[in-house]
Novice: 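First, the structure itself, so that you have it in front of you.
Along the sequence shown, residues carry numbers from 1.
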Amino acid sequence: MSAFRSKVLVVGMDGLRFDRLLALDAPVLAGLRSTGAYGTSRLPYGEAGTPRTESPGEVVPKTPEPGDGGRVIRSRTDSGPGWSSIATGAWPDKHGVVDNGFGSPQFQKFPDFLTRAKRARPGLTTSAFFSWAALAEHGAFGPAIDHRFVLDGYAVGWATADKQVAEAAERHLAEDDPDAIFVYLGDTDEVAHDLGPHCPEYAAALQTQDAYLGRLLDTIRARPSYREERWTVLVTTDHGHVDEGGHGGTSDEERTVFVIAARLGADLGGRPLDGPRLVDVGPTALAALGVPIDPDWDLDGAPLDL
Ligand SMILES: [Zn+2]
């Protein structure tokens with residue numbers, strides 16, 4: 001039996017385009033890529049040409065896969081569907097969030113991975129820090145999570161909210177003992193909506209979020225019990241952006257998402273992951289914690305091979 005205590009940090013950066021991430025200077029994320037494993041995939045949903053937060057109309061088939069029965073998923077490439085898929089390990093036709101209206105969420109049947117971890121192993125401590133209050137209001141990250149730190153980014157301002165979220169998560173990692181923690185940073189999305197993902201302001205927002213991530217990792221490494229812990233770190237996004245800024249539709253720029261996975265203190269070699277999907281994030285976190293995935297959960301994702 002391993003003497004190590006397995007722990008997981010999942011960091012979500014809203015509306016972060018992977019090609020921009022590669023092009024821009026983000027040293028902490030570059031370090032995680034070089035010592036971790038990473039890849040991109042395209043969201044299996046998206047609807048062209050409709051305004052933000054409107055309900056879905058067109059059906060966009062996902063890339064057919066053996067055994068999927070020709071399943072189609074009606075959803076916009078918006079934050080609600082993206083974060084709900086990351087949280088639950090299921091796609092929008094299952095968790096029910098197809099746009100930012102959260103019309104008929106199914107989070108009782110498809111709870112977030114932190115809630116699942118707690119149910120499977122009540123001794124675990126689970127935590128979530130985020131500034132998009134809708135994720136708490138509608139239960140994408142549910143009330144059974146031990147520590148929920150929730151700000152309203154619209155009221156506080158997204159950059160300020162990110163700072164406060166990062167500082168609160170940093171304190172929590174230093175002073176408490178979370179086993180699984182989700183941290184959301186949102187200014188990249190806000191800036192891209194205003195100015196697009198090719199401006200210096202987007203680069204600066206990414207740089208700032210990268211620095212927050214670095215502080216979280218430094219705080220983990222400084223934990224007195226760090227040598228007895230095995231930390232898996234996952235970084236992902238919910239959707240991309242068109243060049244002019246905005247999302248919801250079917251373009252590759254909007255549908256391309258990424259997952260970066262790393263084990264602190266271990267070298268995974270910077271190897272490619274084969275099309276990691278948003279729905280794989282939760283199962284990967286659960287697997288890292290030693291929580292087996294129950295087929296009865298009917299998840300779409302599976303643990304990534306790290
Ligand atoms: Zn978003």
Side-chain angles (χ1 to χ4, degrees), residues 10-26 28-29 43 46-47 50-54 75-87 97 99-102 128-138 140-141 148-170 182-216 235-249 251 253-258 260 278:
V10 177
V11 174
M13 299 193 184
D14 203 307
L16 180 49
R17 250 174 69 166
F18 191 68
D19 63 327
R20 302 303 298 144
L21 168 59
L22 293 182
L24 298 167
D25 183 29
V28 177
L29 284 162
L43 295 171
E47 178 191 353
T50 50
R52 203 172 172 218
T53 73
E54 287 288 312
S75 179
R76 291 174 50 83
T77 52
D78 277 345
S79 303
W83 294 115
S84 299
S85 299
I86 290 164
V97 179
D99 59 20
N100 286 350
F102 290 84
F129 294 75
F130 50 94
S131 54
W132 193 30
L135 295 177
E137 183 188 336
H138 300 286
F141 286 91
R148 279 198 310 181
F149 179 91
V150 184
L151 296 177
D152 180 351
Y154 293 108
V156 178
W158 295 93
T160 302
D162 285 352
K163 181 171 190 290
Q164 294 178 2
V165 160
E167 286 173 352
E170 194 180 330
F182 171 73
V183 179
Y184 166 97
L185 301 170
D187 198 40
T188 34
D189 186 64
E190 178 71 3
V191 170
H193 277 294
D194 288 345
L195 302 165
H198 292 278
C199 61
E201 290 85 352
Y202 189 76
L206 173 58
Q207 186 72 244
T208 300
Q209 290 172 196
D210 189 70
Y212 292 148
L213 172 61
R215 287 177 56 167
L216 296 179
V235 184
T236 191
T237 192
D238 54 337
H239 53 71
H241 268 271
V242 296
D243 285 343
E244 303 75 34
H247 56 79
S251 70
E253 288 76 14
E254 291 156 281
R255 291 172 69 187
T256 299
V257 293
F258 69 88
I260 300 170
L278 300 193

Novice: Donor-acceptor pair, Arg148 side chain versus Ala128 backbone, under 3.5 Å?
Specialist: no

Novice: Apply side-chain contact (heavy atoms from CB on, under 4.5 Å) to Leu24 and Tyr202, showing your working.
Specialist: CA-CA 9 Å; Leu24 298 167; Tyr202 189 76; 4.3 Å; yes

Novice: Do Tyr212 and Val28 come within less than 4.5 Å of each other through their side chains, counting heavy atoms only?
Specialist: no

Novice: How long is the straight-line distance from CD of Gln209 back to CG of Leu29, given to the nearest 0.5 Å?
Specialist: 9.0 Å

Novice: At what distance, to the nearest 0.5 angstrom, does NE2 of His241 lie from CD of Glu253?
Specialist: 12.0 Å

Novice: Just say parallel, tilted or perpendicular for the rings of Phe130 and Phe182, cut-offs at 30° and 60°.
Specialist: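 The rings of Phe130 and Phe182 sit tilted, inter-plane angle from 30° to 60°.
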
Novice: Run Val150 and Glu137 through side-chain contact (heavy atoms from CB on, under 4.5 Å) and show every step you take.
Specialist: CA-CA 10 Å; Val150 184; Glu137 183 188 336; over 6 Å; no

Novice: Just jot down the side chain to side chain donor-acceptor pair (under 3.5 Å) partners of Tyr184, sequence neighbours excluded, or say none.
Specialist: Asp14

Novice: Identify the two heavy atoms, one from Gly248 and one from Asp78, that lie closest to each other, and give their separation to 0.1 Å.
Specialist: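 Closest approach of Gly248 to Asp78, heavy atoms only: CA-OD1, 3.5 Å.
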
Novice: A side-chain contact here means heavy atoms from C-beta on lying under 4.5 Å apart; do His193 and His247 qualify?
Specialist: yes

Novice: Is there a side-chain contact between Asn100 and Pro81 (heavy atoms, below 4.5 Å)?
Specialist: yes

Novice: With sequence neighbours excluded, what pairs up with Thr256 under the side chain to side chain contact (heavy atoms under 4.5 Å, CB included) test?
Specialist: Thr40, Arg42, Asp252

Novice: Find the distance between CG (Leu21) and CZ (Phe18) and round it off to the nearest 0.5 Å.
Specialist: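 Taking CG in Leu21 and CZ in Phe18, the distance rounds to 5.5 Å.
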
Novice: Which pair of non-hydrogen atoms, one from Gly15 and one from Thr237, has the smallest distance, and what is that distance?
Specialist: N-OG1, 3.2 Å

Novice: Just verifying a value: how many Å separate Leu16 CG and His239 NE2, rounded to the nearest 0.5 Å?
Specialist: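 Output value for this atom pair is 10.5 Å.
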
Novice: Over all heavy atoms of both residues, which pair between Ala133 and Asp152 is shortest? Give the atoms and the distance, please.
Specialist: CB-CA, 4.4 Å

Novice: Identify the two heavy atoms, one from Asp187 and one from Asp162, that lie closest to each other, and give their separation to 0.1 Å.
Specialist: N-OD2, 2.9 Å

Novice: Identify the heavy atoms of Val11 and Leu216 that sit nearest to each other, and give their distance.
Specialist: CG2-CD1, 4.4 Å

Novice: Quick check for you: to the nearest 0.5 Å, what is the distance between Thr236 atom OG1 and Leu278 atom CG?
Specialist: 5.0 Å

Novice: Applying side chain to side chain contact (heavy atoms under 4.5 Å, CB included), can you list everything that pairs with Ala161, at least two apart in sequence or on another chain?
Specialist: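 Side chain to side chain contact (heavy atoms under 4.5 Å, CB included) check on Ala161 returns Ser131, Leu151, Val156.
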
Novice: Step by step, would you call Asp243 with Arg17 a salt bridge (charged side-chain N to carboxylate O under 4.0 Å, His left out)?
Specialist: CA-CA 10 Å; Asp243 285 343; Arg17 250 174 69 166; 2.7 Å; yes

Novice: Working to the nearest 0.5 angstrom, can you tell me the gap between Thr188 OG1 and Gln207 CD?
Specialist: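 One gets 13.0 Å once the value is rounded to the nearest 0.5 Å.
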
Novice: Would you name the heavy atoms of Ser84 and Ala140 that are closest together and state the gap between them?
Specialist: OG-CB, 4.1 Å

Novice: Could you go through Val165 and Trp158, starting from their C-alpha distance and side-chain angles, then the distance that decides it, and tell me whether this counts as side-chain contact (heavy atoms from CB on, under 4.5 Å)?
Specialist: CA-CA 10 Å; Val165 160; Trp158 295 93; over 6 Å; no

